[in-house]
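This report refers to the structure that appears directly beneath it.
Being a predicted model, the structure only gives us computed values, none of them experimental. Computed over heavy atoms, backbone and side chain alike; hydrogens, waters and symmetry mates excluded.
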Amino acid sequence: MARSALLNVMVQAALKAGKSLSRDFGEVQNLQVSVKGPGDFVSQADLKAQKIIHDELLKARPTYGFLGEESEEIKGTDGAHRWIVDPLDGTTNFLHGIPFFSISIALERNGEIVGGVVFNPATDELYTAERGGGAFLNDRRLRVASRRVLSDCVIGCGVPHLGRGNHGKFLVELRHVMGEVAGIRRLGSAALDIAYVAAGRFDGFWEVGLSPWDMAAGILLVREAGGFVSDLDGGTDMIGNGSIICGNEHIQKALAEVVKRPIPTK
Ligand code: IPD
Ligand code: CA
Ligand code: CA
């Protein structure tokens, strides 16, 4: 698998930040049992990871813009390119010592995602994609799962929680989906969840209320693995709209139909 120079820069940034997060994750496991808990420590770990990524990316391409979760957007002098970064996706898992979290880095060119990296430092799984070049998990080429009927499918999702999202609307979506599928999972890192669709582990995934950095890299991974991605309105403005439904061409369509089924009147 040949990677472009740009993708290599993204991979190096993700691996370097991953080392930092892995070290801090070890410490979080100790802090679980302390009275103060690991909250502040995790915020610092998150900021540290973003700084590492920012410095690596900007060192290689100083003129590109940078949209990272942990800071104000930096507009680049090159108006065409922008990095979109979540230095720690799955913060709640990280905070609780659950080894399912990721670093997500995407490159946008003229409004289109052209490069994507999602890295889970706890398992050393590195997902990469370049537009037109396929998607990979480490060195293995990825293909979305081929199941054609929802009744055979395992579907990932996001679940709103205290202070976040529309609980009532989600319960309706869940009620509709749970009646049609073989299983539902909520793993807790949208970037990695979407990468799981690219890897054929999940047959499909949906979530609303996401931010650009949660989805940007994953969208390219799924597309490059032969999958389909839409927002909840059926369009392709996932980043603008904050929602995503993905899977292979059959499951994406079927899942979208079920998720959007109207609220029953009684
Ligand atoms: C969150 C995770 C989670 C999703 C939330 C995101 P964070 O990102 O991706 O799976 O359900 O909507 O905010 O806060 O851990 O970077
Ligand atoms: Ca996130
Ligand atoms: Ca985050």
Side-chain angles (χ1 to χ4, degrees), residues 84 86 89-90 92-93 98 100-104 106 113 116-120 123 125 127 129 135 137 142-161 164-166 169-239 241-261:
I84 303 178
D86 194 339
D89 187 56
T92 306
N93 284 343
I98 299 168
F100 191 89
F101 54 89
S102 63
I103 291 159
S104 176
I113 310 297
V117 171
V118 174
F119 179 48
N120 179 354
T123 57
E125 289 187 313
Y127 297 85
L137 167 48
L142 294 180
R143 189 81 208 147
V144 290
S146 56
R147 293 182 190 84
R148 283 174 170 239
V149 288
L150 278 177
S151 54
D152 290 336
C153 288
V154 169
I155 302 294
C157 67
V159 181
H161 47 85
R164 286 276 295 269
N166 183 332
K169 190 163 174 288
F170 172 75
L171 285 173
V172 173
E173 292 170 4
L174 183 64
R175 180 172 148 193
H176 287 146
V177 176
M178 69 200 273
E180 305 272 352
V181 301
I184 297 186
R185 301 286 182 272
R186 195 300 193 241
L187 300 187
S189 162
L192 205 48
D193 290 327
I194 299 168
Y196 270 33
V197 174
R201 292 174 176 174
F202 281 165
D203 299 285
F205 176 81
W206 96 97
E207 186 163 358
V208 305
L210 290 175
S211 298
W213 44 80
D214 299 319
M215 297 185 274
I219 290 168
L220 185 67
L221 283 164
V222 171
R223 284 182 172 152
E224 288 297 325
F228 283 66
V229 186
S230 82
D231 58 33
L232 240 73
D233 299 333
T236 52
D237 186 21
M238 288 74 68
I239 301 276
N241 185 298
S243 64
I244 184 167
I245 305 184
C246 57
N248 70 28
E249 67 172 307
H250 308 284
I251 298 307
Q252 196 278 337
K253 208 162 155 241
L255 182 60
E257 190 273 314
V258 175
V259 167
K260 291 191 299 184
R261 236 175 239 168

**Asked** What are the two closest heavy atoms between Ile239 and Ile219, and how far apart are they?
**Response** CD1-CD1, 4.2 Å
**Request:** Give, for atom CG of Leu187 and atom OG of Ser102, the distance between the pair rounded to the nearest 0.5 Å.
**Result:** 11.0 Å
**Message:** On a heavy-atom basis, which atom in Asp237 and which in Asp231 lie closest, and how many Å separate them?
**Reply:** N-OD2, 3.1 Å
**Complete:** Here the gap from Asp214 atom CG to Ile84 atom CD1, rounded to the nearest 0.5 Å, amounts to 11.0 Å
**Asked** Heavy-atom distance under 4.5 Å between the side chains of Asp89 and Trp213, does that happen here?
**Response** no
**Side-chain donor/acceptor of Asp193 to backbone N/O of Phe202, under 3.5 Å** = no
**Fill in**
CD (Glu180) and CG (Leu255) are apart, to the nearest 0.5 Å, by 10.0 Å
**Asked** Considering all heavy atoms of both residues, which atom of Leu232 and which atom of Glu173 are nearest to each other, and what is their separation?
**Response** CD2-OE2, 3.9 Å
**Complete:** Smallest heavy-atom separation, Val118 atom then Ser104 atom, equals CG2-OG, 4.1 Å
**Asked** Phe170 vs Trp206 aromatic rings, parallel, tilted or perpendicular, using cut-offs 30° and 60°?
**Response** parallel
**Message:** If I compare all heavy atoms of Gly242 with all of Met215, which pair ends up nearest, and what's the gap?
**Reply:** CA-CE, 3.9 Å
**Heavy-atom pair of closest approach, residues Tyr127 and Arg201** = OH-NH1, 3.1 Å
**Message:** Using the rule given for side chain to side chain contact (heavy atoms under 4.5 Å, CB included), can you reason through Val159 versus Leu174, listing the C-alpha separation, both sets of side-chain angles and the distance that settles it, and then say yes or no?
**Reply:** CA-CA 9 Å; Val159 181; Leu174 183 64; over 6 Å; no
**Request:** Any chance you could lay out the side chain to side chain contact (heavy atoms under 4.5 Å, CB included) test for Ile251 and Leu150, step after step, and finish with the verdict?
**Result:** CA-CA 7 Å; Ile251 298 307; Leu150 278 177; 4.1 Å; yes
**Message:** Does atom CZ (Arg261) have a neighbourhood of more than 12 heavy atoms from anything else shown, all under 6.0 Å?
**Reply:** yes
**Distance, nearest 0.5 Å, that separates CG of Leu210 from CE of Met238** = 11.5 Å
**Asked** Is a donor on one side and an acceptor on the other found under 3.5 Å between the side chain of Asn93 and the backbone of Phe100?
**Response** yes
**Request:** Please round to the nearest 0.5 Å and tell me the distance separating atom SG of Cys153 and atom CD1 of Ile184.
**Result:** 11.5 Å
**Message:** For Arg147, give me all partners under side-chain hydrogen bond (donor to acceptor under 3.5 Å, both in side chains), at least two apart in sequence or on another chain.
**Reply:** Asp203
**Message:** Distance check, rounded to the nearest 0.5 Å: Asp233 atom CG versus Lys260 atom NZ?
**Reply:** 7.0 Å
**Message:** The test is side chain to side chain contact (heavy atoms under 4.5 Å, CB included); show your working for Phe205 and Val229 and say whether it passes.
**Reply:** CA-CA 10 Å; Phe205 176 81; Val229 186; over 6 Å; no
**Request:** Please check if the side chain of Gln252 supplies one atom and the backbone of Gly204 the other of a donor-acceptor pair under 3.5 Å.
**Result:** no
